Amino acid sequence: MEDYDVIVVGAGISGLLSALTLSKHGNKVLVLEKSKFVGGNCNSYVVDGFQVDTGAHAITHLEVGPLRRLMDNYFDYLPVFEDYGNYYVRTEDNFMKVPSNVKEFVTFDVLPRKDRIVLTQAITKALTLSTFGNDLSKESVYEFMPANLTADTYDFIDTICHFLSGKDMKQTSAQRILAGSSFVRDSVPEEQLESILKHNEKISAEPVPKTLLPPNLNISLQTKMNKVSTPFSSLGRLATNKVNYSQGYPRKGLKSILNAVLFSLPSTVEIKTDCEVKKIISEKGKVIGVEADEVYRADKVIYTGFVSELPHMVESLPNTYVQDLKKIAHTNSLTIWTGLDSLMDEFNYIGSEIWFKDSPYWAMPISNYDTSLAPKGKQLIGFSFIINDNESEEVQVKKAYETIYKAIPGIEDHIEMTHNQITVPEKAAVTIDGYFSDVRTPIKGLYAAGTDTDKRSMGITRAAYSVVELLKKMNEDNCLHK
Ligand SMILES: Cc1cc2nc3c(=O)[nH]c(=O)nc-3n(C[C@H](O)[C@H](O)[C@H](O)COP(=O)(O)OP(=O)(O)OC[C@H]3O[C@@H](n4cnc5c(N)ncnc54)[C@H](O)[C@@H]3O)c2cc1C
C-alpha cells in the first residue's frame, strides 16, 4: 500500500507549487528536499542586517500569466507586489531608460543613430513575422542583425541576450527576445484551467480559494492593470508604448512568494528537509516510490531537480530519452549584493539597470521597493553577472567587482556589506538548439516540473508555466484528482 498519493522531489518554487496544487485536488503529498531549507532559488535571508534574495528578481506576467492563474485558483495567502518601475542603461557618461517602443528608440543615444535606424527595421521585421504566426525559436538574434553595426551596439544586444537566455546572440533565439522583452505576450487564459478545475466539487478538505488578488495588489500596479483590460497586439505595443506591464517586486522580498505558498499548503502536505532522494524506484515501467533516508511509496512522483540528473536516479530509461536530456544547456550566474552605508544618488530610481561593457551586469536597488530590506537610511543593491566555464570563478568575481567600481565611481567608499552568490538561474537556457524535457517522462506516474520542462517566459513565471502544464497532463492521464 502506498504511503502517499504523490511524492514531490525538491522544495523549490516548482516543487512547492506542485505540492500546493496537487494537495488542493485531494492528494496526500510528501515533499522531500535535500538541502536544510525549502525555497531553492526562490528565497531571501539576512546578511549583516541586509535582507538579500537569491539573485535580483523581477516577477513577470503577473496580470494574465501562469503565476497569476495559480495564485487566483490555489493560494489562500498572496504576496503583495510593488510596481516594478523601469529598465535603465548605464554607461560611463549616460543613464537612460531602455526604449520600449520605436519613438523612444529614436532618441536612445546610448547607441549611434545609424545603428538605431537599421535596428528598428530589424525589430519591426521580427515582430511582423512573429505577429503573422512565424515561429522564430530556431532563428538566432544574430541572423536578424543588420551588417556593420558598431561594437557598442553588438555589446548592447549581446548583453540583453545573455540576461534573457544566458547565452550570446548567436545562440539566443529571436523568439526569446520578443517574449522576454514583453513584445510578445504570454498568458494562461482562465479557460485553460477550466477542464482541470471542473472537478473541484470533489475536493472536500480544502476549498479552492476565490480570487483574492486585486485587494492585495499595490495600488499603482492595480491601477495600471485596471486601465488596460485587453492586451495590445505586439505591433501596436511597439508603435504606441501603451503597455500593460504587469511586472512586480514582492514586498518584503522574494521569500514572501515562498511564504505565500507555504502558508497556503493544507495539512495533507508533509515536507522533509535534509532528505536527498537518491533513487526513483519503478517496476514494469511504472513508478512505485523513491529511496531517500528510507523508502517512501507512491504511484505518482513529481521530480523538480535538474531533469538531466534523472538518468542517474531512474533505471532503464530509454536511450533516446537519455540522449535528449544531454542536450540541455544551462548557465551560471554570480550575484554580488552590496549594502551601502547611505542612499546614493546613482540609485535614486525604481526598477533595474544594465551595464553592457566589460563584464555586463543587471542591477536592482531592491531596498527602494521596501526600505525594511536595509537598515534605516542604508541601501541594498544586487548586481547579477553571467559567468562562464572558460575562466576561473575567482577571476570572474574579481572582474565583476572591478566593473561595479568602474560603473559607479565612489561606491567603494559606501560599501559596508558584500555577499556573493553563485547559482544556476534556470535549469535550461532557451537557445536555438537547446533542449527542454517534457513534463511526462517515459516512466508511468513519473513527471518532471521546473524551468527545464517549459521554455515559455523565465524564472518563477516559467516554473509556474511548468506546473500548469503538469496539472494539464496529469488531468489528461486521469491521475490528478483523488
Ligand atoms: C541570479 C538569479 C536571478 C534570477 N532572476 C529572476 C527574475 O528576475 N525573475 C524570475 O522570475 N526568476 C528569476 N530567477 C530564477 C528563479 O529564481 C528560478 O527559476 C526558480 O526559483 C527555480 O525554481 P525551481 O523550483 O524550478 O528550481 P530550484 O529553485 O532549483 O529548486 C529545486 C529544488 O530541488 C532540490 N533538489 C534537487 N535534487 C534533489 C534531490 N535529489 N532530492 C531532494 N531535493 C532535491 C534542490 O535542493 C532545490 O531546493 C533568478 C535566479 C537567479 C539565481
Side-chain angles (χ1 to χ4, degrees), residues 7-19 30-44 52-62 65-67 81 84 87 162-164 166 180 247-250 254-255 257-258 261 271-280 290-293 296 301-310 312-314 330-337 351-352 361-364 366 382-387 420-430 437 448-454 456-467 470:
I7 294 171
V8 176
V9 183
I13 197 68
S14 304
L16 292 172
L17 285 173
S18 305
L30 172 67
V31 184
L32 300 173
E33 166 57 51
K34 71 176 172 189
S35 94
K36 285 193 166 44
F37 306 99
V38 296
N41 275 338
C42 180
N43 216 336
S44 320
V52 304
D53 297 328
T54 41
H57 275 68
I59 310 301
T60 55
H61 302 280
L62 285 171
L67 186 60
F81 287 97
Y84 186 72
Y87 290 88
H162 269 113
F163 285 109
L164 287 177
Q247 296 194 21
Y249 177 79
L254 194 56
K255 70 161 190 218
I257 298 182
L258 170 68
V261 182
I271 302 178
K272 288 192 175 180
T273 53
D274 221 350
C275 190
E276 180 174 2
V277 172
K278 297 191 184 75
K279 207 169 160 208
I280 296 172
V290 304
E291 190 186 307
D293 57 334
Y296 299 94
V301 172
I302 318 297
Y303 177 76
T304 70
F306 284 87
V307 182
S308 50
E309 294 291 314
L310 268 184
H312 306 298
M313 304 173 74
V314 191
H330 63 246
T331 316
N332 288 319
S333 70
L334 159 71
T335 300
I336 296 177
W337 289 99
S352 61
Y361 69 64
W362 177 46
M364 269 177 81
I366 62 167
F383 295 86
S384 288
F385 299 78
I386 300 287
I387 57 170
N420 302 347
Q421 299 164 331
I422 294 189
T423 29
V424 178
E426 275 153 354
K427 296 185 204 110
V430 190
S437 142
T451 49
D452 43 8
T453 66
D454 204 305
R456 288 170 288 180
S457 196
M458 55 207 292
I460 287 171
T461 307
R462 192 190 296 173
Y465 257 123
S466 79
V467 173
L470 170 77

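Every number for a ligand or one of its atoms is a count from 1 in the order of the listing. Nothing here was measured: the structure is a model prediction, and the numbers come from that model.
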Heavy-atom side-chain proximity of L16 to I271 below 4.5 angstrom: yes
Going by atom types alone, do T453 and S437 pair a side-chain donor with an acceptor below 3.5 Å? no
Indicate, as side chain, backbone, both or neither, the part of Y249 found under 4.0 angstrom from ligand 1 when only non-hydrogen atoms are considered. neither
For atom 38 (N) of ligand 1, which candidate among E309, K34, M364, E426 holds the nearest heavy atom? K34
Quick one, Y84 with F81, criterion ring pair (Phe, Tyr, Trp, His ring centres under 6.0 Å). Give me CA distance, side-chain angles, the key distance, then yes/no. CA-CA 8 Å; Y84 186 72; F81 287 97; over 10 Å; no
Does ligand 1 have a heavy atom under 4.0 Å from the side chain of M313, from its backbone, from both, or from neither? side chain
Does T423 approach ligand 1 within less than 4.0 angstrom via side chain, backbone, both or neither, non-hydrogen atoms only? side chain
Indicate, as side chain, backbone, both or neither, the part of A292 found under 4.0 angstrom from ligand 1 when only non-hydrogen atoms are considered. neither
Measure S333 to ligand 1 on non-hydrogen atoms and call it side chain, backbone, both or neither using the 4.0 Å cut-off. side chain
Under a 3.5 Å distance rule, please check whether E426 uses its side chain to pair with a backbone N or O of G459 as donor and acceptor. yes
Side chain, backbone, both or neither: which applies to I13 and ligand 1 if a contact is any heavy-atom pair less than 4.0 Å apart? both
Closer than 4.0 Å to some heavy atom of E33 - which atoms of ligand 1 meet that? 33 (C), 34 (O), 35 (C), 43 (C), 44 (N), 46 (C), 47 (O), 48 (C), 49 (O)
Any heavy atom of L32 under 4.0 Å from ligand 1? The part involved is backbone
